[in-house]
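Notes for the one structure printed next.
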Amino acid sequence: MSIRVRFAPSPTGHLHVGNARTALFNWLLARGKGGTYVLRIEDTDTERSTRESESSILEDLRWLGLDWDEGPDAGGAFGPYRQSERSGLYRQVTEQLLAGGRAYRCFCTPDQLEAERQAALAAGQPPKYSGRCRAVSPADAAVRMAGGESAAIRFRVPESRNVTFQDVVRGEVTFSTDVIGDPVIVRSDGRPAYNFAVVIDDVRMEITHVIRGEDHISNTPRQVLIYEAIGAVPPVFAHLSLVLGPDHAPLSKRHGATSVAEFRDRGYLPEALVNYLALLGWSPGENEELMAVAQMAPRFDLSAVSHSAAVFDTAKLAWMNRHYMKEAVPARIAREALPYFRRAGYVVAGGESALEYIESLLPMAVGSVDRIEEIPERVAQIFDWEAERAAALLRSEGDGRRVIEAFAAAVADRGPLDRDSFRLAAARVKEVTGLKGRALFHPIRVALTAADSGPELDLAVPAIDRGAAMAAGIGLKRIASCAQRASDVSRLLRG
RNA sequence: GUCCCCAUCGUCCAGCGGUCAGGACGCGGCCCUUUCAAGGCCGAGACCCGGGUUCGAUUCCCGGUGGGGACGCCA
């Protein structure tokens, strides 16, 4: 039998990295074993679910490269793929369960239930449903319904027995039914509840492996009971440990970025994020780490997945992102970087030529920064030069004035500098001043960049002059040439 | 409170009865270098505790401790 897995997000916000990892592990299993990957939208909570969230989740999954075979957009033989469009299927099973006495109507009000829960908690008791409405006969229920009362439908959990299921990552897991309250399977307004809808859908969609977060492990016995009640065979379960923040608390906003969209906005590459996520709780073995997920899939094995929670380490993700930025085709990085250059004000129009210019700057930045977002900052010296700042910095350099005057003279009336003409100019300054090494180059750097550190001058100087020559034509912020910078600074130092 | 899950360097993974306990990130040092990064090399750094089982436990079993999850008409 061929494997069918599903990723079933609830469209109530952005795709969280923890969920992205769940989506990835499902994908790895499906792709590695030639199975089918189903995307199902769990939107039974109509108050919180939105179509915007649904499409942003789909977009995030696509960006990560986790493609699916069946889903709300892709179609498939087991649709519809939104729970909100499957009401008929649930109703049918509900009737069956009601008729068989496996489910009953519950007339308790939310206030009542909440009060009971608080009382139980206060008394140190497990806050599970008391089962009060189990005693309401179907006949009485019918009368009350006819009288206009509304009721939810609960599943009747058998008393005092164990429920055992196999979990591929954890082994055998057993719960006593005595700790499980009767779950609501249909709300009083007729919408199905989670524990019911998942089971029905996983059965109807012929899902063979349910891979989800560990937070669902205690729902599993309830679901197994429902599988039994409808005469279906439960799938293979795999509960993935959670992703935590550095303080061991669940990854949340205060730890920084938590959604896939945020990582994308901050300039991470999808192949880096997805590679990093795959390593959170799993390893392809052989001490290998940098690997495309497509290469990982054939080696993926659920039974090798880690049992313990993993701390999300942004520093390691950054290292990985640096690696993939170096591997990426420069034109792609340039395109991804363009929005950040616009935001910084360095690019004002931004067509093809601006993109080419940005690409030409990449050797100064890629390898030196963690994220695409940081590229403009790394090359800021090209765009944000100020004569006053440069002069102020240079005043503390003993030979600063001598060097820069010689440099200004060497480059005056020479046109834009390229690498060779810059070296020639530097050689000329060396000759005139008798200085070399740091004493020679540092003042030049400070004068031309208004900073005492930054990219190699061999790269920066030509970049500045190329930019200065073309700026207006290709939609860049105005850039002062190196000759201009040198002469402005020497004038300030003289004055 | 009850139930469930988990436990190797700071972090992520290897290990699956006998290993100098391995790799990666991070950290420290050195090298490279006209600066900062990057890169190369070297280094420090872990089997939660207590009982068993065994000739021998990081590895198997039990208990403790610690961490996490669940206990909704949310998923």
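The chains referred to below are lettered A, B, ... by the order of the sequence lines, with proteins before strands, and numbering in each begins at 1.
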Among [options], the one nearest [X] by side-chain distance:
{"X": "A/Asn287", "options": "B/rC12, B/rG22, B/rC36", "value": "B/rG22"}
{"X": "A/Arg117", "options": "B/rG72, B/rC71, B/rC5", "value": "B/rG72"}
{"X": "A/Asp313", "options": "B/rU35, B/rC6, B/rU11", "value": "B/rU11"}
{"X": "A/His307", "options": "B/rC12, B/rA7, B/rC3", "value": "B/rA7"}
{"X": "A/Arg378", "options": "B/rC36, B/rC74, B/rC12", "value": "B/rC36"}
{"X": "A/Ser306", "options": "B/rU2, B/rC13, B/rU35", "value": "B/rC13"}
{"X": "A/Pro250", "options": "B/rG68, B/rC6, B/rU34", "value": "B/rG68"}
{"X": "A/Leu280", "options": "B/rU34, B/rC12, B/rA14", "value": "B/rC12"}
{"X": "A/Lys316", "options": "B/rC73, B/rC12, B/rC6", "value": "B/rC12"}
{"X": "A/Val184", "options": "B/rA75, B/rA70, B/rC73", "value": "B/rC73"}

Over all strands shown, is [X] touching base, sugar-phosphate only, or nothing at heavy-atom distances under 4.0 angstrom?
{"X": "A/Tyr194", "answer": "base"}
{"X": "A/Asp167", "answer": "nothing"}
{"X": "A/Ala151", "answer": "nothing"}
{"X": "A/Ser453", "answer": "base"}

Taking NZ, NE, NH1 and NH2 as the nitrogens, is one of them in [X] or [Y] under 4.0 Å from a carboxylate oxygen of the other?
{"X": "A/Asp201", "Y": "A/Arg204", "result": "no"}
{"X": "A/Glu271", "Y": "A/Arg332", "result": "yes"}
{"X": "A/Arg322", "Y": "A/Glu374", "result": "no"}
{"X": "A/Asp202", "Y": "A/Arg40", "result": "yes"}
{"X": "A/Glu286", "Y": "A/Arg299", "result": "no"}
{"X": "A/Asp399", "Y": "A/Arg402", "result": "yes"}
{"X": "A/Arg485", "Y": "A/Asp465", "result": "no"}

Kindly indicate whether the side chain of [X] and the base of [N] share any N or O donor-acceptor pair separated by less than 3.5 Å?
{"X": "A/Asp215", "N": "B/rA75", "result": "no"}
{"X": "A/Ser218", "N": "B/rC4", "result": "no"}
{"X": "A/Ser368", "N": "B/rA37", "result": "yes"}
{"X": "A/Glu289", "N": "B/rG23", "result": "yes"}

Side-chain N,O (A/Thr44) to OP1/OP2 (B/rA75) below 4.0 Å: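 Yes, because at least one side-chain N or O of A/Thr44 sits under 4.0 Å from OP1 or OP2 of B/rA75.
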Phosphate-side-chain proximity, A/Arg154 and B/rC73, N/O vs OP1/OP2 below 4.0 Å: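 Looking at the OP1 and OP2 atoms of B/rC73, one of them is under 4.0 Å from a side-chain N or O of A/Arg154.
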Separation between the C1' atoms of B/rG45 and B/rU11, rounded to whole Å: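 Per the computed distance, 12 Å lies between those C1' atoms.
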Give every pair of a protein N or O atom and an N or O atom of nucleotides 39-44 of chain B that lie under 3.5 Å apart, one pair per line with the distance.
{"residue": "B/rG39", "atom": "OP1", "partner": "A/Lys326", "partner atom": "NZ", "Å": "3.4"}

Distance in angstrom units between A/Gln223 CD and B/rA70 P, rounded: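 Roughly 14 Å, once rounded to whole Å.
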Interatomic distance where CG belongs to A/Leu244 and P belongs to B/rC12 [whole Å]: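 It is 8 Å, rounded to the nearest whole Å.
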Distance-only donor-acceptor check, side chains A/Tyr268 and A/Asp370, under 3.5 Å: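 No, because no side-chain N or O of A/Tyr268 sits under 3.5 Å from a partner of the opposite role on A/Asp370.
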